[in-house]
Amino acid sequence: QVQLVESGGGLVQAGSSLRLSCTTSGRTLRDFGMAWFRQAPGKKREFVAAVEWNGANPAYADVVKGRFIISRDNDKNTVYLQMNNLTPEDTALYHCAARTPRWRSVVGAIQPDDYSSWGQGTQLTVSS
């Protein structure tokens, strides 16, 4: 029952960088493992990255490893996704998600059904 709102998406050129943010208000985010997923038109929602409630065990999909960085600032109730060296293949609607119940590990949690709270998403479009 965590309410999440993503922001920071936009239209950028290939090779550029962008940082997405996911925030909540009214309830603390510090007790939950968090993840980023993305979904392109006609494709299934796919795992991008995840991090524990305390910032431990960051994990990434192979396709973004070395380019994307997930981090969090629990004092600001915010999770970030820093995206570097973007390509048109990264174009998608990016969602953040919370792992519940509290303090449940994100290790091995790479499917949408592993997360119970979702934001509506922020769109990233990368042009060539």
Please examine the side chains of [Y] and [X], heavy atoms only from C-beta on, and report whether any two atoms are closer than 4.5 Å.
X	Y	result
Thr23	Asn77	no
Ile70	Tyr80	no
Leu29	Leu4	yes

Return the minimal non-hydrogen interatomic distance between [X] and [Y], and the atom names on each side.
X	Y	value
Gly8	Leu18	O-CD2, 3.2 Å
Phe47	Ala109	CE1-O, 3.9 Å
Asp31	Thr28	OD2-CG2, 4.3 Å

Check whether [X] reaches the backbone of [Y] with its side chain - one donor and one acceptor, N or O, closer than 3.5 Å.
X	Y	value
Tyr60	Arg67	no
Thr87	Ala14	no
Asp90	Leu86	no
Thr122	Gly9	yes
Arg19	Met83	no
Thr24	Gln3	yes

Fill in: Enclosure of Gln111 CD (heavy-atom neighbours >12, cutoff 6.0 Å)
no

Verify same cluster id: [X], [Y] (apolar side-chain graph, 4.5 Å):
X	Y	result
Val64	Val12	yes
Val5	Leu93	no
Val48	Ile110	no

Item to complete: Evaluate side-chain contact (heavy atoms from CB on, under 4.5 Å) for Asn74 paired with Arg72, printing each intermediate quantity in order.
Response: CA-CA 6 Å; Asn74 287 341; Arg72 65 192 302 159; 2.8 Å; yes

Assess, by modelled atom type and distance only, whether the side chains of [X] and [Y] contain a donor and an acceptor separated by less than 3.5 Å.
X	Y	result
Thr100	Ser116	yes
Asp73	Thr78	no
Gln82	Ser17	no
Tyr94	Arg38	yes

Just how far is it from atom [atom1] of [X] to atom [atom2] of [Y], taken to the nearest 0.5 Å?
X	Y	atom1	atom2	result
Arg104	Glu52	CZ	CD	11.5 Å
Leu81	Leu124	CG	CG	9.5 Å
Met34	Ser117	CE	OG	8.5 Å
Leu20	Cys22	CG	SG	9.5 Å
Asp113	Arg45	CG	CZ	10.5 Å

Practice prompt. Determine, using ring centers only, whether Phe37 and Trp118 are less than 6.0 Å apart.
Written response: yes

Worksheet item: Asp75 and Arg30: side-chain contact (heavy atoms from CB on, under 4.5 Å), yes or no, with the steps?
Response: CA-CA 8 Å; Asp75 290 336; Arg30 71 191 313 117; 3.7 Å; yes

Practice prompt. With side-chain contact (heavy atoms from CB on, under 4.5 Å) as the test, would you mind laying out the steps for Val106 and Trp53 before giving the verdict?
Written response: CA-CA 9 Å; Val106 299; Trp53 63 272; over 6 Å; no

Item to complete: Could you give me the CA-CA distance, side-chain angles and deciding distance for Glu6 and Trp36, then say whether side-chain contact (heavy atoms from CB on, under 4.5 Å) is met?
Response: CA-CA 10 Å; Glu6 303 94 336; Trp36 287 94; 3.9 Å; yes

